[in-house]
Amino acid sequence: MSRRLTLQAKNSEILLLSGLDDFLTELLLKLPEAGAPHPDSDSRLFPSLSGGTEPEMDDEWREFVRPELEAQFEGNRDRVEEDLTALRASGGNEMELEIPQLHVGAWIHALNQARLSLVARHRIKDEVLEEGPLLPGLEGMILFQIQFYGVLQEWLIEAGQSI
Amino acid sequence: MIKAASPLPEIRDETKDLLDTPWNVVVYNDPVNLMSYVTKVFMKILGFSLEKAEQHMMEVHKKGRSVVWSGERERAEFYIQQLHASLLLAVLERSV
């Protein structure tokens with residue numbers, strides 16, 4: 001990960017993410033897609049109300065609440081995708097991105113959505129998650145992506161005015 | 001005219017029982033969600049202080065689950081919808 005990657009307040013309304021090299025920029029651009037609906041992440045992103053102990057209530061939940069959650073998740077991804085269009089070169093080979101404070105909540109939720117979805121879609125086990133991105137191959141790449149999103153999420157939680 | 005033999009009172013009693021039963025909002029551990037994120041979500045949605053939110057977060061982390069709220073079903077469902085919107089593994093359970 002770039003040593004110069006930083007997130008800092010540009011002013012009271014804007015956070016500036018800077019020091020993005022080509023690889024991190026590519027991962028950032030993949031964020032909306034990473035959290036998009038997928039059959040393998042469906043049960044994690046849309047858990048039932050009672051965990052199966054109250055089938056009728058779970059059915060109602062699926063019918064009435066799930067569509068609202070789907071709309072919220074899509075809204076978060078759309079907000080992030082729109083913000084990503086403002087990515088710009090900042091000198092050298094690096095890119096930077098301004099994130100409005102008002103959008104921080106959507107970013108935090110979209111990052112969380114992507115991390116959960118990636119873990120479910122790639123069936124990454126708990127013990128593998130703890131080993132970090134030192135694993136070789138595709139699994140190591142996915143773990144790096146999850147960790148990168150986790151770092152950004154942590155920074156935004158610290159720097160943001162709300163979630 | 002129908003006099004008395006309607007099954008409605010029984011249904012109404014059952015519904016009343018369901019609504020009167022105390023319900024727990026239980027949050028289960030998830031290895032992906034960040035501890036700082038879970039703490040913030042508890043503070044925002046359940047109105048916990050930082051100290052209380054961290055206590056429940058640690059209970060989830062160490063014991064695998066935490067009852068974060070108990071009471072009437074309608075309000076419990078409201079909290080769970082908010083927790084699901086934040087992608088926490090929250091479940092509604094009857095309080096025994």
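Chain letters run A, B, ... following the sequence lines, proteins first, then strands; residues in each count from 1.
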Looking just at side-chain N and O atoms, do A:Ser18 and A:Glu96 make a donor-acceptor pair shorter than 3.5 Å? no
Any residues in residues 77-87 of chain B near chain A, with a heavy-atom distance under 4.5 Å, and which are they? B:Glu77, B:Ile80, B:Gln81, B:His84, B:Ala85, B:Ser86, B:Leu87
Under a 4.5 Å cut-off applied to non-hydrogen side-chain atoms, are A:Gln145 and A:Leu118 in contact? yes
Which residue out of A:Gln72, A:Gln153, A:Glu158 racks up the most heavy-atom pairs below 4.5 Å with chain B? A:Gln153
For A:Gly35 and A:Arg77 the tightest heavy-atom approach is O-NH1, 3.5 Å
Which heavy atom of A:Leu24 sits nearest a heavy atom of A:Phe148, and at what distance? O-CE2, 3.7 Å
Apply side chain to side chain contact (heavy atoms under 4.5 Å, CB included) to the pair A:Leu152 and A:Leu17, showing each step before the final yes or no. CA-CA 9 Å; A:Leu152 287 184; A:Leu17 179 64; 3.7 Å; yes
Is it true that A:Asp42 and A:Arg66 make a salt bridge, defined as a side-chain N closer than 4.0 Å to a carboxylate O? yes
Do A:Leu102 and A:Leu156 sit in the same hydrophobic cluster, where Ile, Leu, Val, Met, Phe, Trp and Tyr count as joined when their side-chain heavy atoms come under 4.5 Å apart? no
So which atom in A:Ala86 and which in A:Leu97 form the shortest heavy-atom distance, rounded to 0.1 Å? C-CD1, 3.9 Å
Applying a heavy-atom distance below 4.5 Å, give me the residues of residues 105-116 of chain A that approach chain B, sorted by number. A:Ile108, A:His109, A:Asn112, A:Gln113, A:Arg115, A:Leu116
Check whether B:Ala90 gets within reach of chain A through its side chain, its backbone, both or neither, counting any heavy atom under 4.5 Å. backbone
Should A:Ile146 and A:Val119 be marked as a side chain to side chain contact (heavy atoms under 4.5 Å, CB included) after you check the CA-CA gap, both sets of side-chain angles, and the distance that decides it? CA-CA 8 Å; A:Ile146 291 165; A:Val119 168; 3.6 Å; yes
What are the two closest heavy atoms between A:Ile142 and A:His122, and how far apart are they? CD1-NE2, 3.6 Å
Determine which residues belonging to residues 39-54 of chain B lie within contact range of chain A, meaning some heavy atom pair is under 4.5 Å apart, and list them by number or answer 'none'. B:Lys40, B:Val41, B:Lys44
With a 4.5 angstrom heavy-atom cut-off, could you sort out which part of A:Glu60 is near chain B: side chain, backbone, both or neither? side chain
Which residues share a ring pair (Phe, Tyr, Trp, His ring centres under 6.0 Å) with A:Phe23, sequence neighbours left out: A:Phe144
Are the charged groups of A:Asp21 and A:Arg4 less than 4.0 angstrom apart, N to O? no
Can you say whether A:Phe73 sits under 4.5 Å from chain B via the side chain, the backbone, both, or neither, judging by heavy atoms? side chain
Pair B:Ser36-A:Glu154, side-chain donor/acceptor within less than 3.5 Å: yes
Of the non-hydrogen atoms in B:Asn24 and B:Arg94, which two are nearest, and what is the gap between them? ND2-O, 4.4 Å
Could you report the tightest heavy-atom contact between B:Trp23 and B:Glu72, atom names first, then the distance? CD1-C, 4.4 Å
